[in-house]
Engineer: 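The following block contains the structure, expressed as structure tokens.
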Amino acid sequence: MNAGDAANLRIDGDRLWSSLMEMAQIGATEKGGVCRIALTDLDRQGRDLFVHWCRAVGCEIRIDQVGNIFARRPGRDPHRPAIMTGSHLDTQPTGGKFDGAYGVLAGLEVLRTLHDAGYETEAPIEVAVWTNEEGCRFAPAMVASGVFGGVFDVDYALSRRDPDGVTFGEALRAIGYAGPEPVGGRKIGGFFEAHIEQGPILERERRQIGVVTAAQGKRWYEIHWAGMESHAGTTPMEGRRDALLGAALLIAEARRIGSRPDGRATVGVIDSKPQSRNTIPGRVFMTLDFRHPDDAELTRMDVAMREAAARIAAENRLDVTIEQIWYFPPTPFDDACVSSVRNAAERAGLLHMNIVSGAGHDACYVAKVAPTGMIFVPCRDGISHNEIEDADKADIAAGCQILLQAMLERANT
Ligand SMILES: [Zn+2]
């Protein structure tokens with residue numbers, strides 16, 4: 001087969017689906033979900049199955065020092081940088097069958113399709129399994145793709161501890177996936193990650209393919225309000241220093257500030273003291289989570305929030321302190337990779353739309369060292385990180401077909 005036949009290659013949606021269901025047996029929960037926590041024996045079993053499947057189609061397996069797995073299919077030109085895809089096999093404790101596993105097994109299906117057709121790409125093709133994406137056992141999330149992307153160093157990743165005091169490095173050795181390869185430091189010709197959307201937009205808009213243009217940036221805040229505790233009955237309404245009122249007004253302001261195109265604002269934790277129904281709250285702790293795909297807009301949200309908090313504090317005789325505890329910059333994906341995904345969807349005649357990733361993904365860190373794009377497919381009711389997470393077989397297949405075409409375009413030009 002030559003390059004002209006690339007457009008005729010078809011992935012096998014039934015085979016992909018049955019591989020997803022087989023992988024989901026490893027750590028299967030009673031409610032139909034999956035619990036396959038990073039670097040546990042179940043994670044090892046999932047990895048072993050993936051490695052077995054890849055070797056069966058002639059791939060060479062390499063494992064790096066943080067346990068990332070790379071299954072490589074040679075290209076005609078071994079000197080060209082590989083075109084890579086992949087995602088993660090670890091799950092949340094009450095996770096689903098598709099988050100992460102879809103991106104890995106869609107990559108496997110690409111390998112199988114090329115293998116069956118005897119098709120030789122110009123550049124090598126690789127499928128990656130990134131260690132500990134979820135971050136529920138070892139924080140932070142996406143730590144191993146972060147090392148690959150140059151954001152963290154190897155020792156930092158290996159020294160992360162789980163709640164029982166076990167280090168990432170110890171757990172990695174225990175499951176036999178502490179590899180010899182250096183992490184990253186090599187040129188990648190392009191990286192594509194297929195993933196379920198984990199949100200409701202594609203389903204609502206009735207589109208099969210999300211062309212992911214960027215991933216949101218985040219700012220996380222911890223905010224403390226201080227007023228004065230006093231008697232609920234004897235303290236007149238004017239002159240009160242009600243810390244909880246300050247928090248309440250800021251929650252409403254945050255919602256207003258977040259209500260801009262592509263903006264998100266969430267207050268998830270509020271803790272008032274002293275938790276007495278007849279004492280005016282004197283102290284409040286609250287969290288705030290701001291997201292936006294455009295860094296300038298995210299900065300404007302920050303400025304607007306700080307101004308609002310200062311005004312609320314002054315008007316209500318309160319003190320407020322705002323600490324930003326995390327900043328994750330927005331990740332715009334590579335224009336050419338994004339176009340490859342869109343072109344593939346157009347050629348296949350699939351309904352598609354541009355979309356911004358609301359969640360973090362391994363692709364966000366890989367994007368720091370390689371041209372990167374993502375493909376989203378709908379998931380039922382937009383639900384993810386839940387055992388009832390579900391997706392449509394036809395959508396799963398469509399996303400994989402787009403992945404194949406996008407990778408081929410990049411691997412052959
Ligand atoms: Zn995921």
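Position 1 is the first residue of the sequence; numbering continues from there. Indexing begins at 1, ligand by ligand and atom by atom, following the structure's order.
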Engineer: Should the pair W17 and F98 be assigned to parallel (<30°), tilted (30 to 60°) or perpendicular (>60°) ring geometry?
Structural biologist: tilted
Engineer: Only one of E387, E389, E134 clears side chain to side chain donor-acceptor pair (under 3.5 Å) with Q92; which?
Structural biologist: E134
Engineer: Any N/O/S of H361 under 2.8 Å from the Zn ion (ligand 1)?
Structural biologist: no
Engineer: With a 4.5 Å cut-off on side-chain heavy atoms, are L108 and C54 touching?
Structural biologist: yes
Engineer: With rounding to 10 degrees, what does the angle H88:NE2 / the Zn ion (ligand 1) / D99:OD1 come to?
Structural biologist: 100°
Engineer: Is the W326 to F290 ring centre distance short of 6.0 Å?
Structural biologist: no
Engineer: Measure from the Zn ion (ligand 1) to every N/O/S atom of H195 and report the name of the nearest one.
Structural biologist: NE2
